[in-house]
2 protein chains.
Amino acid sequence: MTAQRDELNAVSDTADQRVVPGTERTIPEATVARLAIYLRALTGLAERGIGTVSSDSLATAAGVNSAKLRKDLSHLGSYGVRGVGYDVALLTDQIRSTLGLNENRAVALIGLGHLGQALAGYAGFASRGFRISALIDADPAMVGDRLRGLIIQHVDALEQVVRSENIAIAVIAVPVNAAQDVCDRLVAAGVTSILNFAPTVLNVPSHVDVRKVDLAAELQILSFHDNRKGARQDFAPASVARVGAVGSRLTTTDSMVAAT
Amino acid sequence: MTAQRDELNAVSDTADQRVVPGTERTIPEATVARLAIYLRALTGLAERGIGTVSSDSLATAAGVNSAKLRKDLSHLGSYGVRGVGYDVALLTDQIRSTLGLNENRAVALIGLGHLGQALAGYAGFASRGFRISALIDADPAMVGDRLRGLIIQHVDALEQVVRSENIAIAVIAVPVNAAQDVCDRLVAAGVTSILNFAPTVLNVPSHVDVRKVDLAAELQILSFHDNRKGARQDFAPASVARVGAVGSRLTTTDSMVAAT
DNA sequence: TCGATTTTGTGAATGCCTTCACAAGGGCGT
DNA sequence: ACGCCCTTGTGAAGGCATTCACAAAATCGA
Ligand SMILES: NC(=O)c1ccc[n+]([C@@H]2O[C@H](COP(=O)([O-])OP(=O)(O)OC[C@H]3O[C@@H](n4cnc5c(N)ncnc54)[C@H](O)[C@@H]3O)[C@@H](O)[C@H]2O)c1
Ligand SMILES: NC(=O)c1ccc[n+]([C@@H]2O[C@H](COP(=O)([O-])OP(=O)(O)OC[C@H]3O[C@@H](n4cnc5c(N)ncnc54)[C@H](O)[C@@H]3O)[C@@H](O)[C@H]2O)c1
């Protein structure tokens, strides 16, 4: 769901990487999505000076159940100590390394309208392993402006900018009718991962990963459940706390997913 | 990947709603998340004057496979015609009704910083069944300002505003350290569905639904796959199109998910 | 009227994810 | 040193979700 969910995995991973000693193993998609959540929970614990956590407390902090957490972590290897728990710093490193966050990753942001400007200023990217390295827009009135220390480049220079900075990840925040075009150019320039805010299905070759964020869809899913709740109670007073109707949910990237 | 996924369903739905004739049936969570996508695809078709679609074309437009689409739609009832396809207008209505979008739903938006202002101006909400009915912030410098036809209210009046407008859905766009507090107040005021942008796990009673949008997590999931791709190719020239490495993905609210 | 053709709706099969439940492992107190 | 107690790591079971594959339905042309 949440989120959107995942699909079509064209990989025929069977059994050939058993030989590798280190971090090479197939990790379930659902697990990957949760690693990011664990990472944030761990950061919070570290800030509070906590050096060790049990699967139970970490699971609570991350909002999942502890069996799931342990199973998830077991895919990375065996980094817990029985009877004790997990070392916060060590586990943090392991997850960061699994997610490929050891050095900051360069990100291009295309489209600096309302949403794009909010994203450009979002501190949560930098603090979680990403560096916005290119700002691109089509509006001549905007090009050349400095925003957060970067100069906005014209979309005509997209390929050149992406190539010269060796950018693999891009965020699309342009109007829906420009999205596929921008996407094609990004892919041609070598981008292999795209986060898409435009409400449209992007067509990409199979080596490119697309995740989308669809806010209206999120609200519609909430609407569905809300609708059900209301129906089931046939109009009890609105302010009465209703108990045990439907378990609450959180998205995961699960915001869920679809494939091409 | 997506997106995140969903969890803990506390409902003990067994077999008591079979009796109801109409739209009452248990619909899988994964299906609900996709209905929103189908709805957008249908809107696009209608705009292009198309009156009928086969499951194949609609599936393509929505980026899923046709068997899945048909199975999904079969949960709503039997609205297709064999040998012909689905009537675009009829199917649109059915999905809208299933999602509870027959009349616009009122939404409160809390936090009008960078992100909140972008959201307040987002046309995609209004066009897809939602009406932002309340803008709320804590900053006195902002309160009283008019934004998109609405006056920004002080957070002290939150309960009053939510109750008087009978708002069931809220969007949280406040800093992370204010999020739980705002959430508690919303719940106390009768809100039962929350879309959360603050990067934190919200604690809510079981009758409240929370979905979260976590942009850093989305990027981290992309980073994971990107990392894998790179490793597997041991540094082929960056601009060469690589074929068949990993199937591309789109989120679903699936944005993955966790439960409380 | 009837058969050819198209496309839906759905049982059955498969696979992925979650949850259970417990044996194995490790620290710590005595 | 030893045994107690706590917590991990993981087989096994159960539940959802996706995909397959085909019979049933409906149109259309002859
Ligand atoms: N505003 C929101 O809160 C919000 C929420 C969810 C999704 N979205 C989606 O995000 C996208 C952007 O939304 P917005 O509100 O920021 O729109 P906006 O109109 O404010 O900004 C769009 C920006 O993209 C630029 N642009 C247009 N064509 C371009 C091109 N070919 N190449 C590069 N830049 C180009 C424009 O110059 C403009 O600066 C839209 O697709 C919208 O549906 C927005
Ligand atoms: N900016 C982004 O692109 C972005 C992206 C993803 C997530 N987020 C998250 O969204 C939230 C908002 O981000 P932002 O960039 O808009 O921050 P911001 O600081 O620009 O805006 C926060 C707003 O919330 C208001 N506020 C603070 N406490 C409040 C309270 N108790 N009640 C009501 N209003 C209150 C502030 O007055 C301010 O207007 C943050 O949690 C951030 O992590 C932001």
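- Protein atom NZ of K68(B) is 13 Å distant from nucleotide atom P of dC16(C), rounded to whole Å.
- Comparing atom distances between the K71(B) side chain and each of dT19(C), dT19(D), dG9(C) picks out dT19(D) as nearest.
- Judged by distance alone, with hydrogens and angles left aside, the side-chain atoms of D93(A) form no donor-acceptor pair with the main-chain N or O of S97(A) at under 3.5 Å.
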Output a table of donor-acceptor pairs, distance under 3.5 Å, between side-chain atoms of residues 84-92 of chain A and any protein atom two or more places apart or on a different chain; print 'none' if there are none.
{"unit_1": "D87(A)", "atom_1": "OD2", "unit_2": "A89(A)", "atom_2": "N", "d": "3.2"}
{"unit_1": "D87(A)", "atom_1": "OD2", "unit_2": "L90(A)", "atom_2": "N", "d": "2.8"}
{"unit_1": "T92(A)", "atom_1": "OG1", "unit_2": "V88(A)", "atom_2": "O", "d": "2.6"}

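- In this structure, L76(B) atom CG and dT10(C) atom P are separated by 12 Å, rounded to whole Å.
- Atom C1' of nucleotide dG9(D) and atom CG of L73(A) are separated by 10 Å, given to the nearest angstrom.
- Taken to the nearest 0.5 Å, the NZ atom of K71(A) stands 12.0 Å off from the CG atom of L73(A).
- Per the geometry, CG belonging to L69(B) stands 10 Å off P belonging to dG9(C), to the nearest Å.
- Atom CD1 in I27(A) sits roughly 12 Å away from atom P in dC17(C) (whole-Å rounding).
- The separation between H75(B) atom NE2 and dG11(C) atom C1' is 13 Å, rounded to whole Å.
- Looking at heavy atoms from C-beta onward, L219(B) lies in side-chain contact with L222(B) at the 4.5 angstrom threshold.
- Residues meeting the side-chain hydrogen bond (donor to acceptor under 3.5 Å, both in side chains) test with S74(B), sequence neighbours left out: none.
- Computed from coordinates, the D72(B) CG to dG9(C) P distance equals 12 Å when rounded to whole Å.
- When side chains are defined from C-beta on, L115(A) does not count as touching Y122(B), because their heavy atoms never get closer than 4.5 Å.
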*Determine, stepwise, if the pair S193(B) / D209(B) fulfils side-chain hydrogen bond (donor to acceptor under 3.5 Å, both in side chains).*
CA-CA 5 Å; S193(B) 299; D209(B) 246 5; 5.1 Å; no
Distances for protein N/O vs nucleotides 6-8 of chain C N/O pairs under 3.5 angstrom?
{"unit_1": "dT7(C)", "atom_1": "O4'", "unit_2": "G83(B)", "atom_2": "N", "d": "3.0"}
{"unit_1": "dT7(C)", "atom_1": "O2", "unit_2": "G83(B)", "atom_2": "N", "d": "3.4"}
{"unit_1": "dT8(C)", "atom_1": "OP1", "unit_2": "S55(B)", "atom_2": "N", "d": "2.4"}
{"unit_1": "dT8(C)", "atom_1": "OP2", "unit_2": "S55(B)", "atom_2": "OG", "d": "2.6"}
{"unit_1": "dT8(C)", "atom_1": "O2", "unit_2": "R82(B)", "atom_2": "NH1", "d": "3.1"}

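- Residue L58(A) contributes atom CG, which lies 14 Å from atom P of dT7(D) at whole-angstrom precision.
- For the pair A67(B) and A67(A), both in contact range of DNA chain C, the more 5′-proximal nearest nucleotide belongs to A67(B).
- For dT18(C), neither phosphate oxygen OP1 nor OP2 lies less than 4.0 angstrom from any side-chain nitrogen or oxygen of N65(A).
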